Amino acid sequence: MIHVYNTLSREKEAFHAITPGKVNMYVCGPTVYNYIHIGNARSAIAFDVIRRYLEYSGYVVNYVSNFTDVDDKIIQRAREEGVDEMTIADKYAQAFDEDTIPLNIKPATTRSRATAVIPDIIAFVEDLIHKGYAYESAGDVYFRAKKFKGYGILAHQDLAEMEANAAGRLDDQELTRKEDPIDFAVWKASHSSDEISWVSPWGKGRPGWHIECSVMAQKYLADTIDIHGGGIDLAFPHHTNEIAQSEARTGQTFVNYWLHNGFVNVNDEKMSKSLGNFTTVHDMLAHYDDPMVIRYLLATTQYRRPINYAPDTLEQARAELERIRTAYRNVFFRISTAKTGHDDSVDYAIAEHISHFREAMDDDFNTQNAIASIFELVTIANNYASRDEIKLDTATRLTHAIADLMNVFGINGLSEHLTLSAEAQALLDKRVQARAVRDFNLSDQLRDQLSDMGIIVEDTTQGQRWHHA
RNA sequence: GGUAAUAUAGCCAAGUGGUAAGGCAACGGUCUGCAAAACCGUCAUCGCCGGUUCGACUCCGGUUAUUACCUCCA
């Protein structure tokens, strides 16, 4: 039984899918006005791992996410660059794919842009007005936060406090338009002819920030969904407002389990676009040749914990991942000469650690304990690979176990690097012959030659093995 | 000010009322023509003070520090 920490209750709860065997989940995507930074990637990877584990556990997951492609920042960026808004949005939506594919983030089942659902948004807002939860004011449409019972409970914020804070921040114009400072916009009137807008019953305008997610979740999933995810900073106001809008419209519980990922910090400070202390994934990929190491770091930290991104963290992640890859290879190179059959005690140990892995992940996706189980398998693999004789079934079981569990973290390619050019293969064969007659001069020369080609050769009691540098 | 989170070895990081998983790094050893990899071993008393208890790192009270949210933010 999977247990998840629900931000709403602040407790770990047993996870029950609305429809047995199926999970509907919605995860907030980025605003496409710049390249995504590590923090965005962390969120995407955190929920990618959750999705993969749910799938590993047998669920069919319907994963919906969005691109916010119309908002103040995009409009501003477009003006700065002298292009229209959709040029900006198109560019960075495409960049999102270019950055997330190397990180092996599975594409959403459905990923929609806000601007692709404008008619649905207008219908949603009309319904809110009709039900008395929203009102038009000078072309804007605001949601009556206080009319919605339990407003703010997700973020556990006190309504009076929020109201006082809101009043202090808003400018006079906004205060005049709102019935209450705490009300939030579901539709914004267009104030300039050169900014993107759509015709609506309230004049030309564009959607408010929160409305798109409510609309998409309902349109592509259901009135009530199993899991809604996003960064912890979205609990308020974004998700708080989503709940208010959605439940005001449907009268149903919007989300059963609210999951929020922790931040990536830089030097123990939050990384964010507004602070300007962010590193884009685009830059990282350009300067770091192994995207799986980045993935490893982000995927193996428990999703609610902060990750402190410092110079050493990637290096440590690289070392850990290399240990796992090495163990996989060590067994892999014995498979071709393995005897048929299996070894009971090793098979038993493998099953036990797979079981531990599942127990860890069932407990609110405790990736640290899960990775510890993989390291137990690593030690077993290294020991087994050094035996004089190994059995095919067990060796295969070992490599598959490691690969399958790593795949839950979205780290694959453990065996994909184990292919060679004909030229390199010829050198390796030649070296085997040289070693057979103890011609170490030639053997070492060939090893250097292979090394120059990026292939590291190692000699073991059981023969020669190699890997790419 | 309000609401939360975190504080475990050089570093990352689990965990629990009964004498602290795992990993990285380091050190010692084994194996080895060399190299590499691997294996074996060594390496903490859990921010601070007080309380409850036969016994607390784990519960309670207090305290300190750091961080985050309180309508730009994953």
Side-chain angles (χ1 to χ4, degrees), chain A residues 7 10 27-31 33 36-47 71-73 76 145 152 155-158 160-166 168-170 174 181-185 208-210 229-238 240-241 260-265 268-275 278 297 300-302 304-308 310 312-313 315-324 326-327 329-330 356 360 366-376 378-379 381-383 385-386 435 438 440-441 443-444 447-448 451 456-461 465-467:
Chain A
T7 306
R10 287 182 173 166
V27 176
C28 289
T31 301
Y33 73 105
I36 60 169
H37 59 62
I38 310 176
N40 296 297
R42 198 264 164 102
S43 184
I45 286 174
F47 290 102
D71 92 320
D72 290 344
K73 293 185 291 283
Q76 189 190 338
H156 305 271
Q157 296 281 334
D158 181 71
E161 286 278 345
M162 284 193 285
E163 194 177 350
N165 282 319
R169 293 201 181 200
L170 297 176
E174 267 185 295
I182 206 169
D183 292 349
F184 58 90
W209 173 33
H210 320 292
I232 187 60
D233 57 326
L234 296 184
F236 187 88
H238 188 52
T240 294
N241 292 348
H260 291 99
N261 65 274
F263 280 113
V264 174
N265 296 326
D268 292 319
E269 253 193 1
K270 171 181 164 181
M271 169 189 294
S272 79
K273 287 181 177 175
S274 54
L275 288 177
F278 61 92
L297 172 66
T300 60
T301 302
Q302 205 268 352
R304 286 193 287 123
R305 284 192 71 96
I307 297 176
N308 192 38
D312 291 346
T313 48
E315 179 51 30
Q316 192 159 314
R318 190 202 58 73
E320 291 187 26
L321 177 55
E322 201 47 43
R323 176 170 161 79
I324 296 166
T326 301
R329 283 200 303 266
N330 291 349
H356 287 162
N366 190 330
T367 45
Q368 282 298 326
N369 282 337
I371 206 78
S373 299
I374 291 179
F375 279 112
E376 297 291 346
V378 162
T379 301
N382 284 327
N383 276 309
S386 63
R435 293 181 64 75
R438 300 185 66 80
F440 294 122
N441 281 336
S443 167
D444 290 353
R447 182 166 64 193
D448 290 344
S451 174
I456 309 300
V457 188
E458 299 166 353
D459 298 304
T460 72
T461 316
R465 73 183 175 223
W466 55 268
H467 66 272

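Reminder, nothing fancy here: chain letters follow the sequence lines and each chain counts from 1. What you see is a predicted model, and the numbers here were worked out from it, not measured in a lab.
Across all strands, A:Gly229 comes closer than 4.0 Å to no nucleic acid atom at all (heavy-atom distances). Heavy atoms of A:Ser386 sit nowhere under 4.0 angstrom from any nucleic acid atom. Counting non-hydrogen atoms under 4.0 angstrom, A:Gly39 reaches a base of the nucleic acid. Contacts of A:Glu315 with the nucleic acid, taken as non-hydrogen atoms under 4.0 Å apart, are absent. If you check every strand for non-hydrogen atoms under 4.0 Å, A:Val27 touches nothing.
Atoms CZ (A:Arg329) and C1' (B:A37) sit 9 Å apart, rounded to a whole Å. Atom-to-atom, CG of A:Asn261 to P of B:A74 comes out at 10 Å; the value is rounded to the nearest Å. Nucleotide B:C40 holds its C1' atom 9 Å from the CG atom of A:Asn383, rounded to whole Å. A:His238 has its NE2 atom 9 Å from the P atom of B:A74, to the nearest Å. Nucleotide B:C72 holds its P atom 12 Å from the CG atom of A:Leu234, rounded to whole Å. Per the geometry, CG belonging to A:Leu297 stands 13 Å off C1' belonging to B:A13, to the nearest Å. Atom pair A:Arg305:CZ and B:A74:C1' shows a separation of 18 Å (rounding to whole Å applied). Rounded to a whole Å, the CH2 atom of A:Trp466 is 18 Å from the P atom of B:A37.
Nucleotide B:G10 forms a Watson-Crick or G-U wobble pair with B:C24, both donor-acceptor distances falling under 3.5 Å. Pair assignment for B:U3: B:A68, on the basis of Watson-Crick or G-U wobble contacts that are both within less than 3.5 Å. With a cut-off of 3.5 Å on both Watson-Crick or G-U wobble distances, the partner of B:U19 is given as none. Summarising the base pairing, B:A38 is matched to B:U30 through a Watson-Crick or G-U wobble pair whose two defining distances lie under 3.5 Å. Across all strands shown, B:C46 remains unpaired; no Watson-Crick or G-U wobble contact has both distances below 3.5 Å.
Annotation: of the two residues near RNA chain B, A:Ile307 and A:Glu376, the 5′-most nearest-nucleotide partner is A:Ile307. For the pair A:Val378 and A:Gln368, both in contact range of RNA chain B, the more 5′-proximal nearest nucleotide belongs to A:Gln368.
Closest approach to the A:Phe375 side chain among B:C24, B:A38, B:G23 is made by B:G23 (side chain taken as heavy atoms from C-beta onward). Residue A:Lys73 has its side chain nearest to B:C73 when only B:U3, B:C73, B:C24 are considered. The nucleotide whose nearest atom lies closest to any side-chain atom of A:His156 is, among B:C73, B:C39, B:U3, B:U3.
In this structure, OG in A:Ser272 is found 6.5 Å from NE2 in A:His37, a value given to the nearest 0.5 Å.
When each of A:Ile232, A:Leu234, A:Asp233, A:Thr240 is tested with A:Phe236 by the rule side-chain contact (heavy atoms from CB on, under 4.5 Å), just one qualifies, namely A:Thr240.
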Checklist entry - A:Phe278 and A:Ile38: side-chain contact (heavy atoms from CB on, under 4.5 Å), yes or no, with the steps? => result CA-CA 7 Å; A:Phe278 61 92; A:Ile38 310 176; over 6 Å; no
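A salt bridge links A:Glu315 with A:Arg318: the distance from a Lys NZ or Arg NE/NH1/NH2 to an Asp or Glu carboxylate oxygen falls below 4.0 Å. A salt bridge links A:Arg329 to A:Glu322: one of the charged nitrogens lies within less than 4.0 Å of a carboxylate oxygen.
B:U45 and B:U8 are spaced 9 Å apart, taking the C1' atom of each and rounding to whole Å. A distance of about 8 Å separates the C1' atoms of B:C31 and B:C39, rounded to the whole Å. B:U66 and B:G29 are spaced 42 Å apart, taking the C1' atom of each and rounding to whole Å. For the C1' atoms, the distance linking B:G10 with B:A26 amounts to 9 Å, nearest Å. Only the P atoms considered, B:U3 is 14 Å distant from B:U63, to the nearest whole Å.
For A:Asn40, a side-chain nitrogen or oxygen approaches OP1 or OP2 of B:A74 to under 4.0 Å. Contact annotation: A:Asn330 does not reach the phosphate of B:A38 (side-chain N/O to OP1 or OP2, under 4.0 Å).
Using a 4.5 Å cut-off on side-chain heavy atoms (C-beta onward), A:Asp71 and A:Gln76 make no contact.
Relative orientation of the A:His238 and A:Trp209 rings is parallel, given thresholds of 30° and 60° on the angle between their planes.
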Review item, nucleotides 31-35 of chain B N/O atoms under 3.5 Å of protein N/O:
residue	atom	partner	partner atom	Å
B:G33	O6	A:Arg435	NH1	2.4
B:G33	N1	A:Asp444	OD1	2.9
B:G33	N1	A:Asp444	OD2	3.3
B:G33	N2	A:Asp444	OD2	2.5
B:C34	O2	A:Arg447	NH2	2.4
B:C34	N3	A:Arg447	NH1	2.9
B:C34	N3	A:Arg447	NH2	3.3
B:C34	N4	A:Asp459	OD2	3.0
B:A35	N6	A:Asp459	O	3.0
B:A35	N1	A:Asp459	N	3.0
B:A35	N3	A:Arg447	NH1	3.2

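Looking at A:Thr301, its side chain never comes within 3.5 Å of a backbone N or O of A:Ile307 through a donor-acceptor pair.
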Checklist outcome for this item: Nucleotide by nucleotide, nucleotides 66-71 of chain B touches protein heavy atoms under 4.0 Å in the pattern (B base, S sugar-phosphate only, - none) -SSBBB
